[in-house]
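The chains referred to below are lettered A, B, ... by the order of the sequence lines, with proteins before strands, and numbering in each begins at 1. Quick caveat, the model's predicted, so the values are computed rather than measured. Values below: all heavy atoms of this structure, side chains included; hydrogens, waters and symmetry mates excluded.
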Amino acid sequence: MPRYNPAVIEPKWQKYWETHRTFATPRLPADSKLYVLDMFPYPSGDGLHVGHPEGYTATDIVCRYRRMKGTSVMHPMGWDAFGLPAEQHAKKTGTPPRATTEKNIANFRRQLKMLGFSYDWDRELATTDPDYFRWTQFIFLVLYDTWFDPAARKGRPIAELPIPGEVSGEGPDAVRAYQDDHRLAYQLEAPVNWCPALGTVLANEEVVGGLSERGNHPVVRIPLRQWMLRITSYADRLEQDLDSLDWPESIKSLQRNWIGRSEGAEVDFFIDDETSDDGRPSRERFTDWANERDETGFPRKAGPAVLRVYTTRPDTLFGATYMVIAPEHPFVRRLTQPDQAEAVEDYCEQSARKSDMDRTDLAKEKTGVFTGSYAINPVNGEAIPIWIADYVLISYGTGAIMAVPAHDTRDFEFARKFKIPIVAVVDPGRSELVNREDVLMGRQCSVEDGTAINSGLYNGLTTAEFKAKIAADLSKKGLGRKAVNYKLRDWLFSRQHFWGEPFPILHELDKSGKPTGRLRTVPVDQLPLDLPKEMKFDAAHDSPEPPLEKAPEDWLYVTLDRKRYKRETNTMPQWAGSCWYYLRFLDPKNGAALVDPAVEKAWMPVDLYVGGAEHAVLHLLYARFWHKVLFDRGYVSTDEPFQKLVNQGMILGEMEFTGYRDAAGRWVGADRIGDAADGGLIDKTSGQPITPVKIEPDAVEKRGEAFVLAAEPSVRIDSRAYKMSKSRGNVVNPDQVVADFGADSLRLYEMFMGPLEAVKPWSMDGVSGVHGFLNRVWRMIVDERAEEIVLNDAVQDIEPEDEPNRVLHKTIKAVTDDLEQMAFNTAIARMMEFTNYFLKQDARPRAAMEKLVLLLSPFAPHMAEELWSLLGHDKTLAFEPWPEYDEAAVRDDVVEVPVQIQGKLRAKILVPADADRDALVAAAKANDRIAELLAGKKIVKEIVVPGRMVNFVVK
RNA sequence: GCCGGAGUGGCGGAAUGGCAGACGCGCUGGACUCAAAAUCCAGUGGGCUUCGGUCCAUGAGGGUUCAAGUCCCUCCUCCGGUACCA
């Protein structure tokens, strides 16, 4: 077998690593440590696609490199194995989800092992293992047992929650309710996305534009008892602590955006708690109220006499010409005057029926209805009408706003439509964005900062000054206060699925079997709480209640201390298991704790976390949230889990050319194609429907900026690579690539395609290109013509001459530097250059070949091990010291330096590498061509960068 | 709309402000072969060229600089995220 044959050497070395436990990681790091983590995959039935090994190869290279540098490396792999597909498969076929899951895991494991990753497989775990989710349940109980202390800005045990006197006076049930109100895990009637067609409830992220992400079925919102996690308590810390992380700025900004912190003020508008016939609060009572507020200050909870709003622009208070409350606002009924009752009821019912999609669809056209009531603006005592409109969301701020149409685009649209007065209170001054006259006249909306007008004593202040002053004034008078709001909502943590972690929660039942509302947690020593083994799976449910409602009675009902309980039947979302798996990897078999604190302290935080950008927000935010709670409660030693994050770019399918034809089969240029309303394509000029046609690459040529049909150059063609998908048929299967080229070629190609973070199209020709490189490395060292694997005659025990030595050391330096920066594509290019050079040499110093094999080993470990053993070594190279380069050997004796005149390249000269300014100028002037061009000119300036370039500026 | 990211040969891509296009693919020509594959050698951004060169060229336009793919301003296109968050 003299030829490079990955089909033989790859399994051979995989077996070697496995039997020698080469990559088993010690319990504690020896000296320096590195924790490198891949986002573990969901083991789908489709198996691995080529996107997975991209990140996995990158981390594997880093790990193998750092092991050779003497670092203790933690590099585990596991399975994010709960998930809806296995459950839906069960509904279709009756196969239990666990069986499907185990089968899929086995396939994924086989595929990953086939790629030669240096995971410590002893640490493998799946989120579906009872031994694992035992601790997921445990962490839920920690969340349940924690309240957030705003003063200390941290989570504390619920037992430490101070109970106000008036609550404790009401008895134990009131105390319990008060505690439940403060727990990080709490229950809520919340609308769920019920999809009748799928017979299941979907998570918000599974609903796209009002339709299910899978299958595009309609989704309706109905209320259901849910578990929520109070992630909003941690919003501030989640935002601020981003600063300390070595993450891509784009991901940080995505998270900041998602958290959506805004600063403003809460202001109370008087509405009176007694109704009047005309819907207007009484003047006297307003004055009394204001006087009272002046003494008592701003209360924590808004009473019934006021409508509390949140605004980021308290400086526009004088411009508030109406108020809006959300249709779900608790005051809707109260504020509705009898003659408006019917209209209000209709409107609220309508908007309740609207799905998210409808609300989005109608985003352009504002709707609303007048309540008939008025509120009094605290700054000027004016009564302004209160409207109901669904452009105000109940879930943000206080669910009510003061509307300032002159300075808010949404309010402006609404005011225009309903003919509400528009009063400008900010003079934008001279602005390019708006017409000042129009703004002052209320004909145009301006959200810019400026100078206050129409604002009484505040006139003339800048927006910033005004904001500061009014906040202080309102606060002094007890009418308002500074406030911070977040777009982030609490996390809806329950799912109406079978295949997820059961909650360790029991609902107490009364004698008649009805829930009393009292909860009890499953004792920690009784965890894990496994799913019922015997379950029938219906094809679909006809109601959104959780499947576990149909669990066997002996699972569902529990008697403890002579009380009867029913188990919680919701299960946890898939995110739960992935929120803390990085901790369990450190101590996967620990039966006494989720992780041994000594082990946790030694290995955490994760030093490098690599995964797809699709998890930029949810997974990474949820995991950080849990981690902070665990940190507050003393289970972990760091306040952030993932120090450095890298997102690998998506791998697209091969480049495709697409032409377009109309119904008659005539070609239509790509520049004329537009999207039709029904999702199809149309000819923008004629409106005719268009069919896309795939074009073979040889039928295409480039004309100027665009691609055209070679046979018909007037027809423009689209050229782009598409996301891999089954429906498009452009999915590349790693099994096939490995069968055709070997794992080392696949790994190498994935890294050679381009920068890790970039989105890049796949190319089979590219795989074959790096395969050719590996063949050349093989031939550089192995005698291909021999019967046995023996060294190439050119490989000799000789001292390298100057030039080969320089090539070697430059390669070591370049590859090492590139690895430090995770610039794998250029590292590979440098090894290609090395190979191209040494293939031309008849004598190849054995030492140089050995160094190259070591450099190559993180990238193509199987071939490297094979060559290493051929070069006479009897153990794995995984722990051989990483080659060092000699600074002196890297330096060139003679360098070629460009000589420019007026910044234009005119000649190149060869000079000693250490030539100084004068020597360089002299050498440049001595050049025939330069001398000729300089003749008769006056040199104004000589710019010299030693070793780099010379530039003459002449007149 | 808003927030990110990106536009460099036929393609993937490379370039601490200092020789644009490293490396690979593809293509062209040649060697080997009866032939093909594989392999090897040479060439390969475009225009003009007396083959010495020379001009143009990193999405478009402007600017800073001796020097700009790289820095600044304006704009265009594509990709990703997000969307009534007051």
Side-chain angles (χ1 to χ4, degrees), chain A residues 3 248-254 256-258 260-262 264 309-313 316 324 359-360 362-364 366 389-393 395-404 407-411 413-414 485-489 613-614 616-617 649-650 652 654-655 697 700-702 705 707 719-721 723 749 752-755 757-770 772-773 775-776 779 784 823 825-833 836 839-840 896-908 929 940-945 947-954:
Chain A
R3 284 184 51 156
E249 269 314 311
S250 60
I251 301 296
K252 289 194 197 179
S253 109
L254 232 46
R256 284 203 188 91
N257 232 308
W258 190 263
R261 183 192 153 95
S262 76
V309 302
Y310 171 74
T311 177
T312 54
R313 293 292 304 269
T316 60
V324 184
R359 286 206 183 189
T360 315
L362 298 171
K364 293 223 165 58
K366 297 260 181 302
D390 65 4
Y391 82 90
V392 169
L393 309 173
S395 49
Y396 185 76
T398 60
I401 62 158
M402 64 172 203
V404 184
H407 305 293
D408 181 288
T409 46
R410 297 151 300 180
D411 298 343
E413 281 172 37
F414 190 84
N485 249 305
Y486 301 93
K487 283 201 263 185
L488 183 70
R489 305 292 153 81
E614 66 273 19
V617 177
M650 199 193 328
L652 306 172
E654 298 240 2
M655 180 82 88
V700 172
E701 59 183 50
K702 188 146 188 181
E705 292 287 279
F707 286 91
S719 106
R720 64 170 281 205
K723 197 171 162 172
Y749 175 65
F752 189 61
M753 292 171 87
E757 300 86 344
V759 176
K760 326 164 260 280
W762 186 265
S763 156
M764 263 328 162
D765 285 341
V767 185
S768 125
V770 294
F773 161 65
N775 263 309
R776 287 156 62 79
R779 283 203 309 273
E784 264 208 309
N825 55 333
T826 48
I828 294 166
R830 300 314 292 261
M831 290 188 279
M832 286 173 168
E833 286 179 289
N836 290 345
L839 271 172
K840 292 197 179 80
E896 193 188 52
V897 169
V899 182
Q900 303 176 342
I901 296 176
Q902 309 292 59
K904 284 190 192 282
L905 177 69
R906 292 300 147 167
K908 293 178 186 180
R929 187 159 165 71
V940 181
K941 206 170 176 186
E942 292 165 349
I943 291 134
V944 183
V945 183
R948 298 290 291 179
M949 51 85 61
V950 178
N951 186 13
F952 295 108
V953 186
V954 300

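The interatomic distance linking A:Glu614 (CD) with B:U82 (P) rounds to 12 Å, in whole Å.
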Considering only nitrogen or oxygen atoms on both sides, find all protein atoms under 3.5 Å from nucleotides 11-15 of chain B and state each distance.
residue	atom	partner	partner atom	Å
B:C11	OP1	A:Lys702	NZ	3.4
B:G12	O2'	A:Met753	O	2.7
B:A14	OP1	A:Asn825	ND2	3.1

What nitrogen or oxygen pairs link the protein and nucleotides 55-57 of chain B at under 3.5 Å?
residue	atom	partner	partner atom	Å
B:C55	OP1	A:Arg906	NH2	3.4

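In this structure, A:Tyr396 and A:Tyr486 have side chains that are not in contact, with every pair of non-hydrogen atoms separated by 4.5 Å or more.
Across all strands shown, A:Gly769 has heavy atoms under 4.0 Å from sugar-phosphate atoms exclusively, and none from any base. Among the protein residues, A:Glu757 comes within range of no part of the nucleic acid, since none of its heavy atoms lies under 4.0 Å from any strand. Note on A:Arg830: nothing from the nucleic acid sits closer than 4.0 angstrom, heavy atoms only. Looking at heavy-atom distances under 4.0 Å, A:Ser250 makes contact with sugar-phosphate atoms alone, never a base. Within the 4.0 angstrom heavy-atom criterion, only backbone atoms of the sugar-phosphate kind lie near A:Ser262; the bases stay farther away. At the heavy-atom level, A:Arg776 lies under 4.0 Å from the strands shown only through sugar-phosphate atoms. Among the protein residues, A:Asn485 comes within range of no part of the nucleic acid, since none of its heavy atoms lies under 4.0 Å from any strand. Within 4.0 Å of A:Glu942, counting heavy atoms only, lies no atom of the nucleic acid at all.
Comparing B:C40, B:C66, B:G26 against the side chain of A:Arg779 picks out B:C40 as the nearest. Picking from B:A86, B:C19, B:C66 the nucleotide with the shortest atom distance to the side chain of A:Asn951 gives B:C66. Distances were taken from every side-chain heavy atom of A:Arg948 (C-beta onward) to each of B:A22, B:U16, B:A86; the shortest belongs to B:U16. Of the listed nucleotides (B:C19, B:C23, B:G26), B:C19 has the atom at the smallest distance from the side chain of A:Gln900. When the nucleotides B:C84, B:G18, B:G53 are ranked by their closest atom to the side chain of A:Tyr391, B:C84 comes out on top.
Across all strands shown, B:G17 has no partner, as no Watson-Crick or G-U wobble contact with both distances under 3.5 Å is found. As the counterpart of B:G29, B:C41 is assigned, both hydrogen-bonding distances of the Watson-Crick or G-U wobble pattern falling under 3.5 Å.
At a cut-off of 3.5 angstrom, counting only N and O atoms as typed in the model, there is a donor on one side and an acceptor on the other between the side-chain of A:Lys908 and the base of B:C19.
Glycosidic conformation of B:G17: anti, with the torsion beyond 90° of 0.
Within the structure, every side-chain polar atom (N or O) of A:Asn257 is placed at least 4.0 Å from both OP1 and OP2 of B:A83. Regarding contacts with the backbone of B:G4, every side-chain N or O of A:Arg256 stays at 4.0 angstrom or more from both OP1 and OP2. Applying the 4.0 Å criterion to OP1 and OP2 of B:C79, one finds that A:Arg720 has a side-chain N or O inside that range.
For the residue pair A:Asn775/A:Arg3, the side-chain donor-acceptor check at 3.5 Å is not satisfied.
Between A:Arg313 and A:Leu254, the residue anchored closer to the 5' end of RNA chain B is A:Leu254, taking for each the nucleotide with the nearest heavy atom.
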